[in-house]
Amino acid sequence: MPGSTITEKIVSRAMGKKAKAGDLIEALPVDKLYFNEVIGPPAILNFEKDFEDVYTESGKKLQVFNPSRIAFMPDHTVPSCSIKVSQGIRLMSDFAKDQGIAMYKEGDGIEHTIASEEAFVLPGEIAVATDSHTCTQGALGSLAFGIGTTEGENLLATGELYSFTVPETINIKVNGKFQRGVYAKDLVLHVLGMMGEGGASKRVAEYTGPTIDSLDMEGRFTICNLSVEMSARTAIMNPDSRTFAYVNEALARRKLSMTDEMRGMVAKSDMDATFSKTVEVDASSIEPTVSLPHSPANAKPVSEVSDPINSVFLGSCANARESDLTIAAKILKGRKVSPNTNLLVIPASRRVYNWAMDNGLLKIFADAGANIESSNCGPCFGKHMGILAPGDRCLSTSNRNYKGRMGSPEAFIYLGSPAVAAATAVEGRIADPRKYLPAGES
Amino acid sequence: MQIRGKVAKKYDDDINTDYIIPAYLLQESWDKQFFADHAFESFDPTFGSVCRANKESIVVAANNFGCGSSREQAVYAIKYNNVVAVVAQSFPDIFFRNCLNNGLLPIQILDTSGISIGNELVVDLDARSLRDDTEGIAYPIIATDAAIEQMKRGGFLGIVRERLRQKLKAQQARASSQ
């Protein structure tokens with residue numbers, strides 16, 4: 001009998017019986033569930049509308065399935081930019097208080113960053129949230145994916161996902177050492193270019209190989225984050241010593257430590273696991289990469305592009321952690337942002353923001369002429385903080401450059417790494433970061 | 001079970017949910033109809049009026065329809081413009097599940113290139129066939145048994161309510177036996 005993928009093992013553990021790709025699971029119990037303030041409010045209202053009478057019939061008050069497995073993380077449009085947004089946050093906060101659910105504050109961070117930073121999601125767990133970039137948690141070795149509003153309200157009631165088909169897995173095997181100036185973001189944009197926007201549809205993208213093993217956790221989060229742009233069901237990586245070091249640190253910040261129960265959840269793919277396909281990637285052949293308008297899969301080496309850029313966004317759930325800000329600060333130190341360009345820096349969480357302040361990075365950004373905002377999703381989804389006008393050209397470290405994503409449908413969005421973003425901010429056009437890297441910097 | 005409709009719109013590959021309903025609108029209403037009024041606002045502004053011109057409209061696309069963001073408002077935007085089904089060569093999972101949860105039929109067939117705007121289509125869920133009455137062609141529907149069941153049922157709400165009832169009953173039984 002062939003071995004199992006990490007995905008099959010996580011589902012098997014949750015079901016208490018062996019599951020394999022293609023199996024239909026009628027009711028899949030979920031370990032963790034989180035909501036942002038975009039979908040949280042309608043999900044709560046629908047939950048009350050659709051289930052209150054069932055609780056009443058049973059002589060009970062409305063009660064979510066398990067408040068300790070749920071978290072609310074207002075992050076998209078915070079600090080709130082409209083009355084309706086504020087009403088939504090108030091609604092979530094009142095509901096959280098009533099139900100005993102953890103409610104984060106505006107500015108605490110982007111949901112997919114704090115979910116791992118706060119050790120809310122752990123290796124081997126099944127985690128779902130009302131946002132497609134929930135796949136970011138796959139870097140922890142958890143099976144995590146986005147859901148819609150209706151599944152969110154159902155999960156509040158029962159903690160279960162209905163009619164779930166165990167997905168097949170594509171093995172994306174990455175070999176080779178990165179060239180100087182190449183990071184996880186360049187790798188994943190390159191992979192999106194190879195696969196296309198629908199290339200991993202219905203399947204889990206499992207990243208394996210020595211290049212992935214050698215990556216730090218932040219790079220792994222970036223890769224998993226963008227994998228939904230090739231329509232993957234989710235992305236996942238096998239947990240290793242770096243994963244556990246990260247999780248232990250996150251737990252320690254909350255004065256917790258890893259328990260036997262947590263260790264028992266951990267899963268890894270067997271050597272002889274069955275993959276629907278294996279895609280080999282040579283990381284050493286990849287140059288610093290950008291995705292051109294209007295598709296994340298429209299990847300090109302940065303050396304072939306020098307389009308003028310008047311807006312640079314360093315932020316989002318894809319690339320605004322410590323290592324991302326560090327490399328950007330190295331390039332921006334002692335330099336000025338181009339007079340033709342606006343640079344916006346938004347750290348991925350309050351913790352990252354405060355760390356950047358304590359370590360002098362915020363001063364480097366401010367001295368260079370950047371605008372720095374408290375942690376939130378920023379202009380990535382076109383609602384606030386740097387909306388693009390017709391004709392604007394933006395280089396963003398986020399994950400989607402669809403037409404109209406950040407404002408006007410007549411604007412142009414390019415995706416790149418924090419290093420490309422910093423070099424581009426300096427030159428006012430898409431720029432190769434390699435010439436700005438300090439000597440000895442990889 | 002048969003559902004009829006007229007093809008109102010036809011699209012190419014990779015129509016993402018940002019094109020269907022832009023994110024800046026998502027937090028501005030909790031009313032599903034609001035999203036229908038803004039469907040494809042930046043990408044194809046005639047979507048609403050063209051789809052609403054028929055009592056039952058069908059949207060046809062090539063590959064990977066509904067990719068990107070998980071926003072369920074994309075399904076409301078389509079459905080509440082009199083659209084009964086979306087026919088495409090593939091759907092990403094989140095959008096597919098959001099359709100099932102809202103009674104909008106996500107119909108997968110191998111090749112949609114022969115279907116034109118204005119054609120009269122019939123979705124026959126029992127026969128698992130999509131009939132193009134205008135061209136006189138039938139296409140097999142690619143779907144699991146479970147998906148066909150859910151399409152017939154129009155969503156999961158009934159099942160989830162029953163499941164919750166059982167869970168609450170079991171809780172009560174546990175509490176009273178202690």
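Chain letters run A, B, ... following the sequence lines, proteins first and then strands; every chain starts at 1.
Between A:K383 and B:Y24 the shortest heavy-atom distance is NZ-O, 2.8 Å. The two residues A:K202 and B:F91 make their nearest non-hydrogen contact at NZ-O, 3.1 Å. Considering all non-hydrogen atoms of both residues, B:R161 and A:D50 come closest at NH1-O, 2.7 Å. The shortest non-hydrogen separation linking A:G198 to B:N64 is CA-ND2, 3.4 Å. For the residue pair B:S29 and A:K84, the shortest heavy atom distance occurs at CA-CE, 4.1 Å.
A donor-acceptor pair shorter than 3.5 Å can be found between the side chains of B:Q150 and A:S163.
In terms of heavy-atom pairs under 4.5 Å with chain B, the best-connected choice from A:T130, A:I387, A:T77 is A:T77. Between chain B and the options A:S82, A:P296, A:S408, the largest number of non-hydrogen pairs under 4.5 Å is found for A:S82. Note on A:T134, A:V85, A:L24: by heavy-atom pairs under 4.5 Å with chain B, the leading option is A:V85. The residue among A:S132, A:A232, A:G152, A:S231 with the most heavy atom pairs within less than 4.5 Å of chain B is A:S132.
For B:R153, the CZ atom sits in a packed shell: over 12 heavy atoms of surrounding residues, nucleotides or ligands are nearer than 6.0 Å. Heavy atoms from other residues, nucleotides or ligands lying under 6.0 Å from CD1 of B:I117 number more than 12.
Side chain of B:D18 to backbone of A:Y402: no donor-acceptor contact under 3.5 angstrom is found. Put simply, the side chain of B:Q172 gets close to the backbone of A:S58: a donor and an acceptor are under 3.5 Å apart.
In this structure, CG on B:N16 lies 7.5 Å from CZ on A:R400, to the nearest 0.5 angstrom. Distance OG1/A:T149 to CZ/B:R71: 11.0 Å, rounded to 0.5 Å. Interatomic distance, CD of B:E72 versus OG1 of A:T150, reported as 3.0 Å (0.5 Å rounding).
Salt bridge absent: A:E26 and B:R163 never bring a charged side-chain N and a carboxylate O closer than 4.0 Å.
Interface remark: B:N98 contributes side-chain atoms only to the contact with chain A (heavy atom separation under 4.5 Å).
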